[in-house]
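Labels below follow one simple rule: chain letters A, B, ... track the order of the sequence lines, proteins then strands, and each chain is numbered from 1.
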Amino acid sequence: MITVPTSHALFLAGVLFLLGLMGVIVRRNIIFILLGLEIMLNASGLAFIAAGFHWGRPDGQIMFLFILAMAAAEVSVGLALVLQLYHRIHTLDADQADKMRG
Amino acid sequence: MNVLFYIAGAVAVFCTIMVITNFNAVHALLYLIVSLLSVALIFFLLGAPFAAALEIIVYAGAIMVLFVFVVMMLNPESQAIRSRKQLLHPWTWFGPAVPAAILLGELIYVLTAGSSTFPVNAGVGPHALSRTLFGPYVLGVELASILLMAGLVGAYHLARPEAPRAPEGDDR
């Protein structure tokens with residue numbers, strides 16, 4: 001049986017989460033922003049699994065299942081929005097969608 | 001056994017870095033699939049085999065296929081042909097192939113190490129998981145199903161081709 005300290009798994013989850021956050025902030029292609037969101041959701045799921053491993057309880061895996069369902073719903077709506085945006089402004093650059101002057 | 005965890009973690013971090021620094025969307029998706037596979041291996045090592053299976057089926061399978069669909073729909077034809085020609089170039093598939101080969105080596109090691117090193121009933125299996133999921137957490141399951149239904153209806157409504165604008169110009 002594996003004996004990795006829980007802190008190492010949590011550290012890995014933190015690194016993956018920060019990488020996803022960097023992807024969301026740095027990239028302007030809207031597909032890559034969605035990919036960064038997926039990486040962040042996956043990293044938070046890893047943190048839950050690590051916590052469940054630490055306590056030996058199934059609750060961490062259950063929270064991962066809920067994150068999975070939420071990610072599936074989020075990515076379907078998000079990709080539909082990407083299609084709609086591409087039909088309107090004919091580019092995937094998020095900075096071009098600035099009609100609201102945000 | 002701990003070295004498997006660190007190797008898989010290094011593969012996950014490397015592939016994630018390649019995802020956020022890549023300019024080609026399809027290549028980034030390939031790297032992300034390898035990253036998700038290594039995270040699934042980490043789940044298995046952390047005593048969550050059911051979550052590992054779901055990670056591969058739902059994340060690396062279903063969600064990534066959705067991304068590939070959208071990227072292929074939005075690619076202009078010339079760029080699609082160019083990326084198809086690029087795919088035959090050795091260096092294009094060399095990057096994701098090496099981490100995937102490392103993961104394959106770890107998988108073969110886990111399979112051949114036998115049940116003494118990796119006991120089948122270690123950690124929390126599907127039985128205990130489903131007992132808890134449909135016990136205290138059954139309300140969460142119902143809420144997740146409602147969320148998925150809302151996502152389905154919303155995606156269907158949003159991805160429809162735009163209807164001709166009404167003459168009185170009501171802004172939907």
Trainee: Looking at every non-hydrogen atom in both residues, tell me the closest pair between Ala50(A) and Leu46(B) and how far apart they are.
Mentor: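 In terms of heavy atoms, the two residues are closest at CA-CD1, 4.1 Å.
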
Trainee: At a heavy-atom separation under 4.5 Å, does Ile31(A) approach chain B through its side chain, its backbone, both, or neither?
Mentor: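 Interface part for Ile31(A): both.
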
Trainee: Closest heavy-atom contact between Ala72(A) and Leu148(B)?
Mentor: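 Nearest heavy atoms, Ala72(A) then Leu148(B): CB-CD2, 4.3 Å.
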
Trainee: From the options Thr21(B), Val13(B), Val19(B), select the one residue that forms a side-chain contact (heavy atoms from CB on, under 4.5 Å) with Leu19(A).
Mentor: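 Only match with Leu19(A) under side-chain contact (heavy atoms from CB on, under 4.5 Å): Val13(B).
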
Trainee: Could you tell me the separation between the CD atom of Glu55(B) and the CZ atom of Phe64(A), rounded to the nearest 0.5 Å?
Mentor: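 Answer rounded to 0.5 Å: 4.5 Å.
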
Trainee: Using atom types as modelled, flag every donor-acceptor pair under 3.5 Å from a side chain in residues 125-134 of chain B to any protein atom, sequence neighbours excluded.
Mentor:
{"unit_1": "Ser130(B)", "atom_1": "OG", "unit_2": "Pro126(B)", "atom_2": "O", "d": "2.8"}
{"unit_1": "Ser130(B)", "atom_1": "OG", "unit_2": "His127(B)", "atom_2": "O", "d": "3.0"}
{"unit_1": "Thr132(B)", "atom_1": "OG1", "unit_2": "Ala128(B)", "atom_2": "O", "d": "2.9"}

Trainee: Is it the case that over 12 heavy atoms from other parts of the model lie below 6.0 angstrom from the CZ atom of Phe69(B)?
Mentor: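 Result for CZ/Phe69(B): open.
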
Trainee: Heavy-atom cut-off 4.5 Å, strictly under: side chain, backbone, both or neither for Val58(B) against chain A?
Mentor: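 Val58(B) touches chain A through side-chain heavy atoms alone.
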
Trainee: Measure across Gln84(A) and Arg160(B) and return the closest heavy-atom pair with its distance rounded to 0.1 Å.
Mentor: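 Residues Gln84(A) and Arg160(B), closest heavy atoms: NE2-O, 3.4 Å.
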
Trainee: Linking I/L/V/M/F/W/Y whenever any side-chain heavy atoms sit under 4.5 Å apart, do Leu66(B) and Val153(B) land together?
Mentor: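 Leu66(B) and Val153(B): separate clusters.
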
Trainee: Counting heavy-atom pairs under 4.5 Å to chain B, which of Val26(A), Val75(A), Leu41(A) comes out on top?
Mentor: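 Between Val26(A), Val75(A), Leu41(A), the count favours Val75(A).
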
Trainee: Any idea which heavy atoms bring Tyr59(B) and Ala71(A) closest together, and the distance?
Mentor: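 That closest heavy-atom pairing would be OH-CB, 3.5 Å.
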
Trainee: Can you tell me how far apart OH (Tyr137(B)) and CG (Leu65(A)) are? Round to the nearest 0.5 Å.
Mentor: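 It is 11.0 Å, given to the nearest 0.5 Å.
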
Trainee: Looking at Val82(A), Leu92(A), Leu81(A), Leu68(A), which makes the most heavy-atom pairs under 4.5 Å with chain B?
Mentor: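 Sorted descending by pairs with chain B, the first entry is Leu68(A).
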
Trainee: Checking Phe67(B) now: which residues fulfil ring-ring contact (aromatic ring centres under 6.0 Å, His included) with it, not counting sequence neighbours?
Mentor: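 Scan of Phe67(B) (ring-ring contact (aromatic ring centres under 6.0 Å, His included), adjacent residues dropped) gives none.
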
Trainee: Taking every non-hydrogen pair under 4.5 Å, which of Val15(A), Leu34(A), Asn29(A) racks up the most with chain B?
Mentor: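 When all of Val15(A), Leu34(A), Asn29(A) are compared, Leu34(A) has the most.
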
Trainee: Would you find a donor on one side and an acceptor on the other, under 3.5 Å apart, between the side chain of Arg27(A) and the backbone of Asn22(B)?
Mentor: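 Yes, the answer is positive, given that a donor and an acceptor are paired below the 3.5 Å cut-off.
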
Trainee: Under a 4.5 Å cutoff for heavy-atom pairs, which residue among Met22(A), Met70(A), His8(A) has the most contacts with chain B?
Mentor: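 Heavy-atom pair counts peak at His8(A).
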
Trainee: CG of Asn42(A) to CG of Leu32(B): how many Å apart, nearest 0.5 Å?
Mentor: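 Answer for the CG-CG pair, Asn42(A) versus Leu32(B), is 8.0 Å.
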
Trainee: Under 4.5 Å from any heavy atom of chain B, what part of Ala43(A) do you find: side chain, backbone, both or neither?
Mentor: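 Answer is neither: Ala43(A) stays 4.5 Å or more from chain B.
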
Trainee: Could you state whether Val68(B) and Ile20(B) fall into the same hydrophobic cluster, counting links through intermediate Ile, Leu, Val, Met, Phe, Trp or Tyr residues with side-chain heavy atoms under 4.5 angstrom apart?
Mentor: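 Yes, same cluster.
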
Trainee: Under a 4.5 Å cut-off applied to non-hydrogen side-chain atoms, are Val4(A) and Tyr6(B) in contact?
Mentor: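 Val4(A) vs Tyr6(B): side chains touch.
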
Trainee: Within this structure, what is the OG-CG distance for the pair Ser38(B) and Leu16(A), rounded to the nearest 0.5 Å?
Mentor: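 Spacing of OG (Ser38(B)) from CG (Leu16(A)) equals 8.0 Å.
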
Trainee: What part of Val39(B) lies closer than 4.5 angstrom to a heavy atom of chain A: side chain, backbone, both or neither?
Mentor: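 Contact with chain A involves the side chain of Val39(B) alone.
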
Trainee: Looking at Gln61(A) and Gly47(B), what are the two nearest heavy atoms and their distance?
Mentor: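 For Gln61(A) versus Gly47(B), the nearest heavy atoms are NE2-O, 3.8 Å.
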
Trainee: Would you mind checking which part of Leu147(B) comes under 4.5 Å of any heavy atom in chain A, side chain (CB onward), backbone (N, CA, C, O), both or neither?
Mentor: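 Both backbone and side chain.
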
Trainee: Is it true that Met149(B) and Val138(B) fall in one hydrophobic cluster, defined by side-chain heavy atoms closer than 4.5 Å?
Mentor: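 No.
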
Trainee: Tell me, for Leu143(B) versus chain A, whether the close heavy atoms (under 4.5 Å) come from the side chain, the backbone, both or neither.
Mentor: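 For Leu143(B), there is no contact with chain A at all, as no heavy atom is under 4.5 Å.
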
Trainee: Hey, quick one: are Leu10(A) and Phe48(A) part of the same hydrophobic cluster, counting side-chain heavy atoms closer than 4.5 Å, chains of contacts allowed?
Mentor: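 Per the 4.5 Å side-chain linkage, Leu10(A) and Phe48(A) are not co-clustered.
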
Trainee: Rounded to the nearest 0.5 Å, how far does CG of Leu74(B) lie from CD1 of Ile30(A)?
Mentor: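 Here the interatomic distance stands at 10.5 Å.
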
Trainee: Enter the distance from Phe32(A):CZ to Phe23(B):CZ here, rounded to the nearest 0.5 Å.
Mentor: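 Result: 8.5 Å between the selected atoms.
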
Trainee: Starting from Leu139(B), can I reach Met63(A) by hopping between I/L/V/M/F/W/Y residues whose side chains sit under 4.5 Å apart?
Mentor: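 Met63(A) and Leu139(B): separate clusters.
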
Trainee: Of all heavy-atom pairs between Ala155(B) and Ala80(A), which one has the smallest distance, and what is that distance?
Mentor: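 Scanning both residues completely, I find the closest heavy atoms to be O-CB, 3.7 Å.
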
Trainee: Stepwise, does the side-chain contact (heavy atoms from CB on, under 4.5 Å) test hold for Phe53(A) with Val124(B)?
Mentor: CA-CA 8 Å; Phe53(A) 166 71; Val124(B) 180; over 6 Å; no

Trainee: Counting heavy-atom pairs under 4.5 Å to chain B, which of Ile39(A), Leu35(A), Leu83(A) comes out on top?
Mentor: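 That would be Leu35(A).
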
Trainee: Only pairs of heavy atoms separated by less than 4.5 Å count here; which of His87(A), Glu38(A), Arg57(A) has the most with chain B?
Mentor: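 Maximum pair count with chain B is reached by Glu38(A).
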
